[in-house]
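The chains referred to below are lettered A, B, ... by the order of the sequence lines, with proteins before strands, and numbering in each begins at 1.
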2 protein chains.
Amino acid sequence: MSLTHAILGLLTITPMTGYELKTQAFDNSIAHFWQADQAQIYRALSAMAEQGWVESRLEIQEDRPNRKVYYITEAGREELHRWLHTEQPLPVHREPFLVQMFFASELDTATILNHIARQREGHAARLAHYESIEISVHDDPEIARKRSFWRLTVEIGVAVERAYLEWLDRCEAVVRELDQLESQPHDQATFPNTSATD
Amino acid sequence: MSLTHAILGLLTITPMTGYELKTQAFDNSIAHFWQADQAQIYRALSAMAEQGWVESRLEIQEDRPNRKVYYITEAGREELHRWLHTEQPLPVHREPFLVQMFFASELDTATILNHIARQREGHAARLAHYESIEISVHDDPEIARKRSFWRLTVEIGVAVERAYLEWLDRCEAVVRELDQLESQPHDQATFPNTSATD
DNA sequence: GTATTATATATGTAAAGTCATATATTAACG
DNA sequence: CGTTAATATATGACTTTACATATATAATAC
């Protein structure tokens with residue numbers, strides 16, 4: 001399971017609590033390629049501790065709730081490396097909005113344009129977020145190497161979001177064009193069409 | 001649930017069996033934005049029949065196993081339209097390979113390059129598949145309208161795959177560059193760097 | 001002749017992900 | 001002064017997805 005291995009990887013950077021994994025790592029650093037909810041993270045940590053891949057130390061705090069800081073173990077590092085060497089399948093893609101677009105002929109123009117506008121907002125926000133991530137260069141070649149890979153993962157996020165924004169613009173244009181065609185008399189479409197196959 | 005609504009939509013095109021939904025619709029027409037396995041489709045159809053959104057008629061065949069053809073009902077159409085009007089969240093993205101890239105500093109160059117090459121093959125195959133989908137124009141304006149939307153869903157698939165291929169090329173270049181830097185003496189990286197923030 | 005592929009439906013089970021809620025304390029907001 | 005947000009962990013219940021397997025027949029491949 002990649003969630004487990006994402007956590008193992010994150011704990012190689014620094015020991016963390018479940019809360020920090022959620023708020024700092026999953027919701028920020030790696031949100032563009034792996035999302036996990038809080039319940040999942042805590043349960044994964046428990047399972048990983050049972051496996052011996054992580055260990056936790058309870059840090060007592062007076063003013064705030066106690067922290068359970070998780071550390072990766074040697075067995076955890078081994079498992080991470082084993083997994084990093086395995087070949088991973090392409091991501092499965094399930095996008096409800098594309099289901100809607102596929103059947104959008106059932107909808108009126110205004111509704112479709114509204115859906116497109118909402119998606120546009122979401123993708124624009126994602127793009128802005130990815131573009132705001134600045135991964136500075138570093139003198140230490142090991143740290144620099146690490147950051148090169150981090151930067152690459154952000155770059156694909158940016159590229160995909162840009163592709164979506166361009167495509168959504170095109171969607172809008174196509175929908176407006178279809179709308180105009182409909183308001184014209186239908187018999188305008190009867191000129192011969194040689195490229196039609198059926 | 002979008003799977004249910006994808007099926008409802010597909011059944012508006014033509015009545016189908018679970019087998020046809022799987023082999024023709026999910027594995028071909030809409031594979032680039034919604035994947036479902038056979039077990040899921042059959043169980044969804046059962047649930048939808050109980051809901052009254054679809055009805056089935058058993059077609060007896062002598063030479064082949066009997067077919068259970070599903071038809072969308074009026075209630076199913078209503079549910080489809082209700083759902084088509086709802087706003088859908090952006091797709092969640094979980095990509096195991098990007099987890100590997102994020103932690104790829106733990107891997108040797110050869111392994112990373114191999115992973116990149118495998119992903120490249122997969123994305124190239126997807127792109128080739130999407131580009132092979134030809135949605136011809138049509139005289140009937142209603143059919144033409146439908147196909148415009150189908151075409152749009154293919155276009156985003158093509159755009160995303162192209163973005164991935166470009167990015168994978170860039171990944172390869174970056175990895176090779178890092179590899180060359182490592183084989184050089186480390187003290188070459190000690191010249192002052194004013195853009196580093198930490 | 002035997003094995004595999006295609007057609008066709010179905011269930012058992014497990015893994016993964018989502019949603020709601022519980023607990024407990026402090027800080028900030030209006 | 002009361003409510004909300006932030007910090008911090010945890011569980012119950014459910015939905016969704018994945019994987020394996022069972023059944024049955026015909027056609028095709030080797």
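- Taking the charged nitrogens against the carboxylate oxygens, B:E142 and B:R145 have no contact shorter than 4.0 Å, which rules out a salt bridge.
- The nucleotide whose nearest atom lies closest to any side-chain atom of A:R67 is, among C:dA8, D:dT9, C:dA10, D:dT9.
- Considering every non-hydrogen atom in both B:Y42 and B:G18, the closest pair reads OH-C, 3.8 Å.
- No hydrogens or angles were tested; on distance alone, nothing pairs the side chain of A:R43 with the base of C:dG17 as donor and acceptor under 3.5 Å.
- Using a 4.0 Å heavy-atom criterion, one finds that A:Q38 contacts the bases of the nucleic acid, with or without backbone contacts as well.
- For A:F149 and B:F102, the ring centers sit 6.0 Å or farther from each other.
- Remark: A:K22 is not in phosphate contact with D:dA8, judged by side-chain N or O atoms under 4.0 Å from OP1 or OP2.
- For A:L45 and C:dA16, the CG to P distance is 15 Å, given to the nearest whole Å.
- Axis orientation changes by 30° from one end of the helix from C:dG1-D:dC30 to C:dG30-D:dC1 to the other, with each end axis drawn from 5 pairs and the value rounded to 10°.
- At whole-Å resolution of the value, OH in B:Y19 and P in C:dT5 are 13 Å apart.
- Under the 3.5 Å distance criterion, with hydrogens and angles disregarded, no donor-acceptor pair is assigned to the side chains of A:N114 and A:T111.
- Spacing between atom CE of B:M1 and atom P of D:dT16 amounts to 4 Å, rounded to whole angstrom units.
- Salt bridge annotation for A:D169-A:R120: present, with a cationic side-chain nitrogen under 4.0 angstrom from a carboxylate oxygen.
- One atom, CG of A:L21, and another, C1' of D:dA10, lie 15 Å apart when rounded to the nearest Å.
- In this structure, the nucleotide among C:dA10, C:dT18, D:dC19 sitting nearest to the side chain of A:Q40 is C:dT18.
- The existence of a salt bridge linking A:R77 and B:E106 is excluded, since no basic side-chain nitrogen approaches an acidic carboxylate oxygen closer than 4.0 Å.
- Contacts of A:T17 with the nucleic acid, taken as non-hydrogen atoms under 4.0 Å apart, involve only primed sugar atoms and P, OP1 or OP2.
- For the pair A:Y19 (side chain) and A:Q24 (backbone), a donor-acceptor distance under 3.5 Å is absent.
- A heavy atom closer than 4.0 Å to some atom of DNA chain C occurs in B:R94, these being the qualifying members of residues 80-98 of chain B.
- The distance between atom CD1 of A:I41 and atom C1' of D:dA8, rounded to the nearest whole Å, is 13 Å.
- Side-chain contact check for A:S105 and B:R147: no donor-acceptor pair (N or O, by modelled atom type) lies under 3.5 Å.
- Between the C1' atom of D:dA8 and the CD atom of A:E20 lies a distance of 10 Å, rounded to the nearest Å.
- The side chain of B:A39 approaches D:dA20 more closely than any other nucleotide in the set D:dT9, C:dA16, D:dA20.
- Between B:L10 and B:A25, the closest heavy-atom pair is CD1-CB, 3.6 Å.
- Between A:Y42 and D:dA10 there is no side-chain N or O to OP1 or OP2 distance below 4.0 Å.
- The distance from atom CG of B:L3 to atom P of C:dT18 is 16 Å, rounded to the nearest whole Å.
- Rounded to an integer number of Å, the gap from B:H5 NE2 to D:dT15 P is 15 Å.
- Between the side chains of A:E95 and A:H93, at least one donor N or O lies within less than 3.5 Å of an accepting N or O.
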